[in-house]
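Below is one structure, written out as structure tokens; the observations come after it.
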Protein chains: 2
Amino acid sequence: MDLSERKLKILQAIISDYVRTAEPVGSRTLSKHPELGFSPATIRNEMADLEEMGYLTHPHTSAGRVPSDKAYRLYVNALMEKKELSKEEKIVIAERLRGTTNEFEKTIEHAASILSEITNLTSFALTPKKTEDVLKYINLLPVDEDTVVLMIVSESGKVSNKAIQMNVPYTEENLQLLSKTMTYNYKGKTISQALTNNIIANFETDIVAMSGLAEDVMPNFMRTLEDMLNVNLYMEGLTNIFDIPEYSDLEKARNFIQMLSQKEELTRKLIERDDGIIVTIGEENTDDIMQDCSLITASYHVDGRLVGKIGVIGPTRMKYGEVTSIIEFLTDNLNNTFKLESGGNEDDD
Amino acid sequence: MDLSERKLKILQAIISDYVRTAEPVGSRTLSKHPELGFSPATIRNEMADLEEMGYLTHPHTSAGRVPSDKAYRLYVNALMEKKELSKEEKIVIAERLRGTTNEFEKTIEHAASILSEITNLTSFALTPKKTEDVLKYINLLPVDEDTVVLMIVSESGKVSNKAIQMNVPYTEENLQLLSKTMTYNYKGKTISQALTNNIIANFETDIVAMSGLAEDVMPNFMRTLEDMLNVNLYMEGLTNIFDIPEYSDLEKARNFIQMLSQKEELTRKLIERDDGIIVTIGEENTDDIMQDCSLITASYHVDGRLVGKIGVIGPTRMKYGEVTSIIEFLTDNLNNTFKLESGGNEDDD
DNA sequence: GTTAGCACTCATCTTGCCGGAGTGCTAATC
DNA sequence: GATTAGCACTCCGGCAAGATGAGTGCTAAC
């Protein structure tokens, strides 16, 4: 059941009108489109067909047509033209992104805020999950009698640490030995590899004198590794939702904001999305609560290895072409930023 | 112009009714109050007086009376009874607070979430500003040829660090020397003292060999100290606002949420509030945007020295007595938690 | 000083009406 | 056979009129 050229044109016109105005589109309005030289009646017939095929719906008998999720899907897959950003726009975005401090987290946060400003949608950005980050250096430092600081440095320049309360007395020598052993065992391993490889077992047999020390240190080491995997979620333009007619209903606005307030859950959902630019439209979202939203996410890369996410969430009625172009440009930009300038010059915390 | 006993009683009844129902209170309703054995007409006269004195307002002629901010202020200062929490409530709260992991930040976050749940308002919590935190130990650690990790440990157990890209080559010996000098100079100083006391000047004259090193390190040291002063703002129950009749207007809800989205600004405002339980009602807030909100904040202490904030924000029509009692109990609880268990057992980040 | 009574005000809810936008169907037209 | 004009029909949204009811202010009586 292929769509005729004409049906496609009509569908496209309906989508573009509806996206612009948020009003159901009628046959008369459409017949005035320059590319559509047909009378309203003809268009009505075509629209009736399109409705039967599931591409359009009808809020009520005497209203115009509204695109269905299926129509948006078709649009995104086939009809949509990616809007190439103008030179000026590109410059503005690039400038604003570069204008930030060169702190990693701040740059990400800023990218989200730019995105929400340009698209007038709610945007978010997720810092990379450091599963693939490689351990470089582990050290244990004496602070006072019963406190030792564990420090872990990774290739990406991230430094993590934890103050450990020691239950057994330690000597500086033992501490150094343990540091070296740990570095020897874990250096070059990714965090996720390290997490599945607890070397405490070896200690217990190998070096009896250190087993007590290791028992104090290793659980903390593991927990710190886990902490290193934590990602930050930045969100911007939450109140943009109030400008969107679809959410002029208080109950809907509430649900939307409530959904976005559940940061842990949201983070989980965003992380598990595939890489690249992914568009999910309305019902395609597995989540009940997101059934009338569309979500566009993209991944950016740090050092070509760590993967973060950035994207927008908004009503199914959104400018898919424009938004994807912007996100694409933005992630390209981030990829470059984090390729060239990356190194140890980033911040912990 | 003192208020008669009777006027006070009437005012109190109006406030308690209005807080409960969110509806303007009429004379007939009031005359049915058990403590108010007067006819509606008498009460009307008194209400007219109270209105003249600025304690009541009138949405329109044929509506009941609504308390003004001035009335709430009087209520909070003199009329309100602090509601002593019941044993069960106390136990529930204490249990839930204790049930969290013993990570500092998580506990604070959890406290905010408990607070918003119990009060049905929007709550927030601010981690302590560490201005008064005392430096304990500073170390510089070689990582690779041009990377050094700066580590700062404070009395409160906070460990901060920063990977530094070195522009000049270093020797391990120099590094140690600099570490020691810095520790010697800064140990026992508070962060705010340290920030106003850049010792780089001394280096340039004293130890020429190290001046290059210090020039690389010191700016990073200062920046890290500044970072250590950053506080985290947790917010919970943002969508509770939608349950409050005052905010059933979309525009108002939007403004409220927009205000709370500006985290930096909000943080600043909260920090600069006085310690102890502070209630600001409606117009008392210096901020335009908060003129129809009331804000209740309290401070909690860590180690008796560092001060954090916790509180709620909601409509001026709120249960001041109940809320302040809850906040008081919660901060007492936090104070105890952070007095006994504090030490080095907290997390960075 | 207190209260009953009464006229008056004003918001809100209900109802009915009308206009406009848009549809579906049929018959005429190209 | 595809296209179009015409027309009856549907439904939403806005508006006005009227009814309702809560509450007030004032006056006069208790």
Side-chain angles (χ1 to χ4, degrees), chain A residues 2-11 13-15 17-18 20-68 71 245-246 248-250, chain B residues 2-11 13-15 17-18 20-68 71 245-246 248-250:
Chain A
D2 250 5
L3 291 171
S4 69
E5 190 71 16
R6 192 165 71 180
K7 282 196 174 60
L8 285 176
K9 264 193 183 164
I10 290 177
L11 191 57
I14 293 177
I15 293 177
D17 264 36
Y18 183 68
R20 197 161 39 77
T21 64
E23 298 287 330
V25 186
S27 52
R28 232 182 74 90
T29 322
L30 281 175
S31 79
K32 284 179 188 155
H33 258 254
E35 309 128 37
L36 266 53
F38 311 100
S39 78
T42 312
I43 291 176
R44 276 205 291 281
N45 286 329
E46 294 287 42
M47 290 203 294
D49 288 351
L50 284 168
E51 183 161 357
E52 235 169 68
M53 297 160 90
Y55 290 104
L56 295 177
T57 46
H58 226 180
H60 57 85
T61 34
S62 72
R65 295 313 207 286
V66 169
S68 67
E246 278 89 332
S248 61
D249 178 34
L250 208 65
Chain B
D2 250 3
L3 290 171
S4 68
E5 191 70 15
R6 193 166 72 183
K7 281 198 174 61
L8 284 176
K9 265 194 181 163
I10 291 177
L11 191 57
I14 292 176
I15 292 176
D17 265 36
Y18 183 68
R20 199 163 36 79
T21 63
E23 296 289 328
V25 186
S27 53
R28 231 181 75 89
T29 323
L30 280 175
S31 79
K32 284 180 189 156
H33 257 256
E35 309 128 35
L36 265 55
F38 312 100
S39 77
T42 312
I43 292 175
R44 277 206 289 281
N45 286 329
E46 295 286 44
M47 290 204 295
D49 287 352
L50 283 168
E51 184 162 357
E52 234 169 68
M53 297 160 89
Y55 290 104
L56 295 177
T57 46
H58 226 178
H60 58 88
T61 34
S62 72
R65 296 317 209 283
V66 168
S68 67
E246 278 89 331
S248 60
D249 178 35
L250 207 65

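Below, chains carry the letters A, B, ... as their sequence lines are ordered, and counting in each starts from 1. Computed from a predicted structure; not experimentally measured.
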(request) In whole angstrom, give the distance that lies between atom CG of B:Leu50 and atom C1' of D:dT24. (result) 15 Å
(request) Please say whether more than 12 non-hydrogen atoms of neighbouring residues, nucleotides or ligands are located less than 6.0 Å from NZ in B:Lys7. (result) yes
(request) Give the rounded distance in Å between these two atoms: CG of B:Asp17 and C1' of D:dG23. (result) 15 Å
(request) Kindly say if B:Arg28 contacts the phosphate of C:dA4, meaning a side-chain N or O under 4.0 Å from OP1 or OP2. (result) no
(request) Using atom CZ of A:Phe38 as one end and atom C1' of D:dA5 as the other, report the distance to the nearest whole Å. (result) 17 Å
(message) For D:dT4 and A:Ser39 - does any side-chain N or O of the residue sit under 4.0 Å from the phosphate oxygens OP1/OP2?
(response) yes
(request) Mark yes or no for a side-chain to base donor-acceptor pair under 3.5 Å between B:Arg44 and D:dG25, with no hydrogen or angle criteria applied. (result) yes
(request) Could you check whether A:Thr61 gets within reach of a base, just the sugar-phosphate, or nothing at all, counting any heavy atom under 4.0 Å? (result) sugar-phosphate
(request) Using a 4.0 Å heavy-atom cut-off across all strands, classify A:Ala41 as base, sugar-phosphate, or nothing. (result) base
(message) Without decimals, in angstroms, what is the distance between A:His58 NE2 and C:dA21 P?
(response) 16 Å
(message) Which heavy atom of A:Gly64 sits nearest to which heavy atom of A:Pro59, and what is that distance?
(response) O-CD, 3.5 Å
(message) Measure CD1/B:Ile43 against C1'/C:dA4 and give the value in whole Å, please.
(response) 14 Å
(request) Whole angstrom is fine here: how far is it from CG in A:Asp49 over to P in D:dA2? (result) 11 Å
(request) Please report, rounded to the nearest Å, how far the P atom of C:dG22 is from the CE atom of A:Met47. (result) 9 Å
(message) Would you say A:Thr42 places a side-chain N or O within less than 4.0 Å of OP1 or OP2 belonging to D:dT4?
(response) yes
(message) For the backbone of A:Arg44 and the side chain of A:Ser27, can you confirm whether one donor and one acceptor N or O come within less than 3.5 Å of each other?
(response) no
(message) Measure CD/B:Glu51 against P/D:dG23 and give the value in whole Å, please.
(response) 15 Å
(message) Given D:dC11, D:dT24, D:dT3, identify the nucleotide with an atom nearest to the side chain of A:Arg6.
(response) D:dT3
(request) Please tell me which of A:Thr29 and A:Asn45 maps to the more 5' nucleotide of DNA chain C, matching each residue to the nucleotide holding its nearest heavy atom. (result) A:Thr29
(request) Map A:Pro24 and B:His60 onto DNA chain C by nearest heavy atom, then report which one ends up closer to the 5' terminus. (result) B:His60
(message) Does B:Arg6 have more than 12 heavy atoms from other residues, nucleotides or ligands lying within 6.0 Å of its CZ?
(response) yes
(message) Please determine whether a side-chain nitrogen or oxygen atom of B:Arg65 lies at a distance below 4.0 Å from atom OP1 or OP2 of D:dG23.
(response) no
(message) The test is side chain to side chain contact (heavy atoms under 4.5 Å, CB included); show your working for A:Ile15 and A:Val25 and say whether it passes.
(response) CA-CA 9 Å; A:Ile15 293 177; A:Val25 186; over 6 Å; no
